[in-house]
Amino acid sequence: MAVISVENLTHTYSAGTPFEQTAIRDVSVTLTQGESIFVLGHTGSGKSTFVQHLNALLQPTRGTVRIDGEDINKDKISRRDVKRRVGLVFQYPEYQLFEETVAEDIAFGPKNMKLSKEEINERVREAAGFVGVEESLFSRSPLELSGGQKRRVAIAGVIAMRPEVLILDEPTAGLDPIGSRTIMENIRNYREKSGATVLVVSHNMDDAARYCERLIVFDHGSIRMDGTPEQVFAHTEELMDVGLNVPKAAEIAAALRKRGVPLEGAVFTHDQLLRALRRAGEVTSC
Amino acid sequence: MLKDITLGQYFPGDTVVHRLDPRTKLILVVLYIIALFNAKGWGAYLLVLAVTVICMAVSRIHPRNIFKGLKPMLFIIALTALLNIFYTQGTPIREGWIITWEGIERAVKMMLRITLLIVGTFLLTYTTSPMALTDGLELLLKPLNRLKVPVHEMTLMMSMALRFIPTLIEETDKIMSAQKARGADFETGNLIERAKALLPILVPLFVSAFRRADELAVAMESRCYHGGEGRTRMKQLRFCTRDFIALILGAVFTAAVFVMKHFGL
């Protein structure tokens, strides 16, 4: 069980220079094992800074980050170990590929964990399976693959470390709709099979509505909202206020309600919209 | 963090020094260096030191930033001082010692000279944006065009290089973080292990640098860039009264140092 608890986290970049900038201010939050979380927020709201604290890539200016009650910044060793438990996939992770073959690149993480050869091979195969990278690609150079394939190889490189918490910073940025959907399905698949906590940083409200159980909304370096999609999407205006949107389905539902179509219940996914419309149709036809 | 490198970094501001024409500042730095290297006696050194301190105060650059920039140079400064202490002939400070009074004096002067040289050039880069600097340089070097020196191309290359230093530093930072997240270790191990550990940074960095260069070339060509001929600029540089005043003051300062040298001060 990996429980991450963040207390009063504050981070200031370039402290003490004219470029000083506080990216996040006094953030406290707890993430429990197996949760599927989306972190939302406009550009510069501090969400990327926040996730880089969860595996000790950034050290807090003030505050603590604990995993299972232990401070991850206690010493060098705990800072290193937490990177194996909390896997972080950066934005545009395909730019970090460097090995000669796909298989070797996926194996980079496990190799750094000093695992045996058989164990590494098994993990590479397993991770590639999760993201749908076929074994026929294993001996190719990662630089000759297509954009979507590169992205999946890079994600596999982190999954191969079998993290208990998987964090992805805008995993679908710059991909076409099919590519994005495949990646989101791959991530869901990994969570269901491994029981890991998954945290996705995103702008995409439709993905948020479809793939997560909990939403955390960042605004100007602090948490503005934290709750289930139902709770968060009920506050359309507040979301607009922080420069975000509501899912397409919720937007359509709101427009229909305005014109007098009686839709029942919370509507923010396509399925919910369809169901609500059918019910509304039955009501009016009788 | 890599981002905190101060060497030659521009600090935006709105002082007289910031507003001077970059050409003026470049000429002033040249005059300053000429003066510095012609200062012989303590009087001349004091004058240069005083002028430097006044310029620092006027440009409102925090001394802390100056010291931060000096840090990487400390070793060279210390080494020069040491060599001068031990390798100067003269009267020993004590019977039988190698260290001479002349040696100590020269060491102090050398230290002062190098420090002032660095601080003076820092004032230029701290108060002038890289773009203004290369613009000024291009205009100053324009006469060399007659000698078939490709001044425009050279300064364009320089400004691009300067422009991309922060981008590449940021990129390196990002790639390092990404590889660290995959368990890469850059801090332990022997020299060979550490050199090997750099590979996961260098390969992606080069790949992206070439990609960027390619994109930049396409972007420039699609905006009809075809070299410096007949090109106008958005920000025309113009000498103002303050530039003339600054240049006159600079000339007086340099002349004063030469006069002091003549009288052995």
Side-chain angles (χ1 to χ4, degrees), chain A residues 13-19 21 48 51-52 54-59 76-77 79-100 104-115 141-143 150 154-161 163 166-169, chain B residues 1-6 9-15 18 59-69 126-127 166-189 193 196-212 215:
Chain A
Y13 283 110
S14 309
T17 70
F19 305 102
Q21 203 182 8
S48 291
V51 297
Q52 286 186 52
L54 300 182
N55 73 343
L57 271 177
L58 289 177
Q59 271 88 56
K76 241 182 163 170
I77 296 163
R79 273 208 287 272
R80 193 194 61 201
D81 288 345
V82 73
K83 291 189 179 71
R84 295 171 186 178
R85 302 185 64 185
V86 182
L88 176 57
V89 180
F90 274 81
Q91 223 168 14
Y92 298 105
E94 55 271 31
Y95 294 146
Q96 79 195 18
L97 301 173
F98 71 100
E99 282 283 12
E100 280 172 50
E104 278 177 72
D105 210 289
I106 299 177
F108 181 66
K111 236 187 240 163
N112 285 326
M113 293 166 77
K114 311 251 181 325
L115 299 171
S141 160
L143 300 178
K150 275 188 202 169
I155 294 175
V158 173
I159 287 181
M161 297 169 76
L166 180 65
I167 303 170
L168 302 106
D169 194 349
Chain B
M1 266 255 268
L2 285 170
K3 244 187 268 170
D4 294 333
I5 294 175
T6 355
Q9 197 183 37
Y10 170 54
F11 285 97
D14 192 33
T15 65
H18 283 89
S59 61
R60 299 235 178 88
I61 297 289
H62 201 284
R64 191 178 51 213
N65 292 322
I66 302 258
F67 289 126
K68 225 163 121 195
Y126 278 172
T127 60
T167 315
L168 287 179
I169 287 180
E170 214 170 278
E171 186 103 17
T172 315
D173 230 24
K174 238 197 268 166
I175 296 170
M176 261 173 97
S177 301
Q179 307 297 28
K180 266 195 217 157
R182 293 165 80 193
D185 185 1
F186 307 115
E187 277 138 29
T188 54
E193 277 169 3
K196 259 185 164 168
L198 286 180
L199 203 69
I201 301 175
L202 291 180
V203 173
L205 190 64
F206 272 95
V207 170
S208 85
F210 280 113
R211 186 175 43 85
R212 265 179 215 288
E215 281 169 6

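Chain letters run A, B, ... following the sequence lines, proteins first and then strands; every chain starts at 1.
- The nearest pair of heavy atoms linking Ser177(B) to Phe90(A) is CB-CZ, 3.5 Å.
- The CD atom of Gln179(B) sits 5.5 Å away from atom CZ of Phe98(A), with the distance rounded to the nearest 0.5 Å.
- For Thr15(B), the side-chain contact (heavy atoms from CB on, under 4.5 Å) partners two or more places apart in sequence, or in a different chain, are Val17(B), His18(B), Ser59(B), Arg60(B).
- Among all heavy-atom pairs drawn from Lys83(A) and Lys180(B), the shortest one is CD-O, 3.2 Å.
- For the pair Ala181(B) and Leu57(A), the tightest heavy-atom approach, listed with the atom from each and the gap, is CB-CD1, 4.2 Å.
- Options Gln96(A), Gln52(A), Lys111(A) differ in how many heavy-atom pairs under 4.5 Å they form with chain B, and the most are formed by Gln96(A).
- Contact annotation for Met113(A): neither backbone nor side-chain heavy atoms come within less than 4.5 Å of a heavy atom of chain B.
- With a 4.5 angstrom heavy-atom cutoff, Lys76(A) touches chain B only via side-chain atoms.
- Gln91(A) pairs by the side chain to side chain donor-acceptor pair (under 3.5 Å) definition with Glu170(A), not counting sequence neighbours.
- Salt-bridge formation is detected for the pair Arg182(B)/Asp105(A): a Lys NZ or Arg NE/NH1/NH2 atom is positioned less than 4.0 Å from an Asp or Glu carboxylate oxygen.
- Within a 6.0 Å radius of CD in Gln21(A), no more than 12 heavy atoms belonging to other residues, nucleotides or ligands are found.
- Residue pairs satisfying the salt bridge (Lys or Arg N to Asp or Glu O under 4.0 Å) criterion with at least one member in residues 90-99 of chain A, sequence neighbours excluded, are listed as follows: Glu94(A)-Arg151(A).
- Within residues 202-210 of chain B, the residues that have a heavy atom under 4.5 Å from a heavy atom of chain A are Val203(B), Pro204(B), Val207(B), listed by number.
- Two residues are said to be in side-chain contact when any heavy atoms from C-beta on lie closer than 4.5 Å; Arg211(B) and Tyr95(A) meet this criterion.
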